[in-house]
There are 2 protein chains.
Amino acid sequence: MKTAIGVDFGTLSGRASIVDVATGNEIASHVHEYANGVIDEHLPGSSTRLEPDWALQDPNDYLEVFKNAIPAVLKASGVSPDDVIGIGIDFTACTMLPTKADGTPLCFLPEYRQRPHAWVKLWKHHAAQPEANRLNAVARQMGFGDILDRYGGKISSEWFFPKAWQILDEDPDIYAAADRLIEAADWVVWQLTGIETRNSCTAGYKAMWSKENGFPPGAFFKALDPGLEDIVSEKMKTEILPLGMKAGGLTVEAAAWTGLNPGTSVAVANVDAHVAVPAASVTESGKMVMIMGTSICHMVIGESEQVVPGMCGVVMGGILPDKPGFEAGQSCVGDHFQWFTENCVPDDYFTTASQKGISIHQLLEEKAGLLKPGESGLLALDWWNGNRSVLVDVDLTGMLLGMTLLTKPEEIYRSLIEATAYGTRVIIETFNDHHVPVRELIATGGLPDKNKLLMQIYADVTGLPIYIPAATQIGALGSAMHGAVAAGSTAGGYDSILDASRHMAHLRDESYHPIPEHKQIYDRLFHEYRQLHDYFGRGQNDVMKRLKEIKAEVFAHA
Amino acid sequence: MKTAIGVDFGTLSGRASIVDVATGNEIASHVHEYANGVIDEHLPGSSTRLEPDWALQDPNDYLEVFKNAIPAVLKASGVSPDDVIGIGIDFTACTMLPTKADGTPLCFLPEYRQRPHAWVKLWKHHAAQPEANRLNAVARQMGFGDILDRYGGKISSEWFFPKAWQILDEDPDIYAAADRLIEAADWVVWQLTGIETRNSCTAGYKAMWSKENGFPPGAFFKALDPGLEDIVSEKMKTEILPLGMKAGGLTVEAAAWTGLNPGTSVAVANVDAHVAVPAASVTESGKMVMIMGTSICHMVIGESEQVVPGMCGVVMGGILPDKPGFEAGQSCVGDHFQWFTENCVPDDYFTTASQKGISIHQLLEEKAGLLKPGESGLLALDWWNGNRSVLVDVDLTGMLLGMTLLTKPEEIYRSLIEATAYGTRVIIETFNDHHVPVRELIATGGLPDKNKLLMQIYADVTGLPIYIPAATQIGALGSAMHGAVAAGSTAGGYDSILDASRHMAHLRDESYHPIPEHKQIYDRLFHEYRQLHDYFGRGQNDVMKRLKEIKAEVFAHA
């Protein structure tokens, strides 16, 4: 049996899975927690407090995943290293770090260890907002609006250049000492292979690169800051490799870390949400993969590169080779229900749940499941954490409407689920309106297994069937699939990710289909949602922003 | 010491208080619960289920209040019947019943005892909505819109003629057998004095009567239903007595029930909210009395009879003699906070409250009190139970906006309090805009003593000082004051309610004054409230009504 290993780097831990290349079946899996987790208070071994909105990581934690999780899955599976044909990785993004020319992270060097900017900036490091704002303004002024339009009109503070620029702004020594600025995804592949590569996924979605035009020109970076003019040529790479390509073979050193054979094929790096698409059996247009957890990532393969308003990004070859990959997002889904159960559910519900031996979420699902669409009379806007797609506005806030003195918690709970489903439908309609068809949904992530009511509501609201991938560790499977493609068919793998998907990715028999009577009611409710969405979200009444301004003033005076 | 007795008939019980006529000090008070309470499931001694929205009472329960509570206060106070100069009563309204010519309630007669329409229809009997709708339509068609405009544009289903018409519609035998149709307020006075009187307060606020034009003409009632044509001349009285007038003296029989002397002066009947005004020291224009409990009644004395949009009513002599009395209302205040604590407050808040030995309301008040105006970023519309004034629309529902994942229960709680304060400010501004000045507030009812934070927020939001009457049983005091006026100065009472108020009504030293910095923030938040109030409440977006329609359809199909 030929196998491949996928390593999925998350926010708090890394998971290695070893899978059968012929079937995609997982043979063993192991999670290794990062010793330093998310560094958001002070640097390891230091008492210097980090500023708010900072979120760093320790690159050594990533290496420890290779050193611990891969030997563990080899042991647990009993698979011989000779039968491991390839490795793939996927990572959170944009998660980036400064290194020396040989790949040594600056934070590994004693002289920089106390400097926050020497460490990895995690995806949710939000302290580069001033740089993001200036970058967006300059891009518009200089006529690069078409680049911004590929990203919903704005480059996020989470992305590569705002983070790089923050280093230059706040610690120019570190910026100067950084021979390379690199995505952690590409850095771990470098550590495995000894070869520095850059992948098209993070370059495209997080660093303004496109296959057609490459990175923005030096003049653009110079306009941001003269010190940034040569950032691409000096500290990055202009050669961007397609996904599924072999980055190199495992070095002797990395082979020793992992227990694998030197020379084992390593795939070009990838991103967690993106690698999930072929692992969810999606290799063509018309299907939307939803990775549903605290938030939702919506991934769609197109036929041609369209500008769809309010996307996180569109990148040619960003998900599958030679096809435009679209990413959209909802910033508050599972988080929404968690907030509700923590803040709005009364005592006796918890008592009932514990008497029944179920979780509070299960109890609410049970009670909300007894309600019919439209029965609560409630309607919510799902903006507790702002709106990512399609309004791209972090300053929007939540709204709930229709309450009476008879309104029950389960009715509010259901209306919050419905609101997130309406938010998904807005995204789907925006795709369809802009010539990127979405005709069926594939749902993965934590939520589909946790909440069947939610899945049925999504089917009813969107009017589309929803299928569920067989694999529960979809990121690790997707990475293993890319490892199998990096190895190629001659080594017992595959020559393309499409082939790999055909053999290794499977859907469950379980699926959700719209119930026509529900759909009919939800069409009317969605019409109401859409009106309020536009009223509060498109400038007719900016009350949410004014309330935030007042709140900020109150805090400033306190 | 001369004393007077006030009897305050509430929804579930009646209270008698005996007070010192010279000072208004309460000497003793006693509450008697109605044996049959609110009859909303089935008639006493019967298994026939009442339809939804019905709410009846048993008139015998009112007599039992006289027979139990008055002897109890006499005993407790040690006051001699010789020193009781007068009795006044106040009642819920419109609470009405059919009787024989001698005042015997039809429900006392065995032949009618099983007929729901033979019983008292309590103020919150809401089953006459079809009749109210038809009455309003006919009134507009026939050019009686000016009458409707005195009542916020609509006659409520709670009021006299819709209830009377429902009897005719649904049980014409009872209608025919009813020699009299009468407010319970007037009926109890009849039972005490043997004389049938009708008071200007209930006639004006609940039965479309005005001092200038009397009741609507027979042609109007004929247009509703030919059977109603002579309702006023046959079953009511056209002579309407002013408040504070003596209705008669206690009969020998009633003297025996109560332990008082035959011939003791009994005042013309009154309504709970209205009798509270002089008891709250208000005898002139410029002041608004707020009776704050589950809902708020807002009572204002004017100088001239103005049409103010969205009032519950304006009646010349309806509160004080010869002055126009205005009544407005908010339908969801204390109920709102109750709903919130029952449905939206998590487990650990109850645990904390019980550890601290305080109620959940007190805990929420404590936590919400730590917040500054504007700090929560939340804004609500206080329409959980529709909007009484100034929109007069029962189909409006609640709205809450501005939530984030950090929003806490106490922030929502505070925003609900603020929303009711904004609702009060809309009412005040509407009065002021229509030449009925409101320059200070007097707050009574249950809430002022329960929630000081709420009182301060009302002062801050309205920008007006709030004073609190000394008496806690304001209705009973007001009734006793009217009893003292019915007795007159020759008997040791007063010749006018103004005199009685001057001597018997007092304010506490405690008062609430707007804090300028809070007022400034609340002015901005109120501006936002007002915009959303008009957007959702005045037809720009009728989403609340459409959601209710959908809900009704869902129920109809179930």
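Computed from heavy atoms alone, side chains included, the values below leave out hydrogens, waters and symmetry copies.
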- Which heavy atom in A/L371 sits nearest to a heavy atom in A/E411, and how many Å separate them? CD1-CG, 3.7 Å
- Counting a contact as any heavy-atom pair under 4.5 Å apart, which residues of residues 348-365 of chain B contact chain A? B/F350
- chain A contact via B/H527 - which portion, at a heavy-atom distance below 4.5 Å: neither
- Check each atom of A/V345 against the heavy atoms of chain B and say whether the ones under 4.5 Å are side chain, backbone, both or neither. backbone
- Item | Close contacts, residues 373-393 of chain B versus chain A, judged by heavy atoms under 4.5 Å | B/P373, B/G374, B/E375, B/S376, B/G377, B/L378, B/L379, B/W383, B/W384, B/N385
- One option among B/K408, B/Q531, B/M399, B/M403 has the most heavy-atom pairs under 4.5 Å with chain A, and it is B/M403
- If you count heavy-atom pairs under 4.5 Å with chain B, which of A/L396, A/I550, A/N343 comes out on top? A/N343
- Just by distance, with hydrogens left out, do A/H126 and A/E158 show a side-chain donor and acceptor under 3.5 Å apart? yes
- Does the side chain of B/T424 come within less than 4.5 Å of B/H298's, by heavy atoms? yes
- Among the listed options A/C332, A/C344, A/G398, the residue most often paired with chain B at heavy-atom distances under 4.5 Å: A/G398
- Query: Do you know which of B/W339, B/F340, B/Y535 has the most heavy-atom pairs with chain A at a distance under 4.5 angstrom?
  - Reply: B/Y535
- From B/E418 atom CD to B/Y422 atom OH, the distance as rounded to the nearest 0.5 Å: 4.5 Å
- Query: What option among B/R546, B/Q338, B/K548 has the most heavy-atom pairs under 4.5 Å with chain A?
  - Reply: B/R546
- Task: Using a cut-off of under 4.5 Å on heavy-atom pairs, state which of A/L405, A/V543, A/T397, A/L547 scores highest against chain B.
- Result: A/L405
- Under the salt bridge (charged side-chain N to carboxylate O under 4.0 Å, His left out) rule, what do B/E429 and B/R530 come out as? Steps first, then yes or no, please. CA-CA 11 Å; B/E429 292 196 349; B/R530 188 96 211 203; 3.2 Å; yes
- Task: Of all the heavy-atom pairs spanning B/R414 and B/A368, show the shortest one and how long it is.
- Result: NH1-O, 2.9 Å
- Task: Mind checking the CG-NZ spacing from A/L453 to A/K367? Nearest 0.5 Å is all I need.
- Result: 14.0 Å
- If you round to the nearest 0.5 Å, how far is OG1 of B/T462 from CD1 of B/I457? 11.5 Å
- Query: Hey, does A/T294 have a side-chain heavy atom less than 4.5 Å from the side chain of A/V333?
  - Reply: no
- To the nearest 0.5 Å, what is the distance between CG (B/D40) and CZ (B/R49)? 8.5 Å
- Task: State whether a side-chain donor-acceptor pair under 3.5 Å links B/T420 with B/Q330.
- Result: no
- Taking the side chain as C-beta and beyond, is there a heavy-atom pair between A/W54 and A/E41 under 4.5 Å? no
- Query: Looking only at atom types and distance, does a side-chain atom of A/D542 sit under 3.5 Å from a main-chain N or O of A/K545, one as donor and one as acceptor?
  - Reply: no
- Item | A/E342 portion near chain B, given a 4.5 angstrom heavy-atom threshold | backbone
- Query: Got a sec, which residues hit ring-ring contact (aromatic ring centres under 6.0 Å, His included) with A/F536, two or more places apart in sequence or on another chain?
  - Reply: none
- Item | Residues in residues 514-526 of chain A near chain B [non-hydrogen atoms, under 4.5 Å] | A/I521, A/R524, A/L525
- Item | Atom group of B/D335 that falls short of 4.5 Å from chain A, counting heavy atoms | both
- Task: Give the minimum heavy-atom separation between A/C312 and A/A328, together with the two atoms involved.
- Result: SG-C, 3.6 Å
- Just by modelled atom types, is the B/V461 backbone N or O under 3.5 Å from a matching donor or acceptor in the B/R425 side chain? yes
- Item | Student check: side-chain heavy atoms of B/E528 and B/L401 closer than 4.5 Å | no
- Task: Would you give the length of the straight line joining atom CD1 of A/I296 to atom CD1 of A/I427, rounded to the nearest 0.5 angstrom?
- Result: 7.5 Å
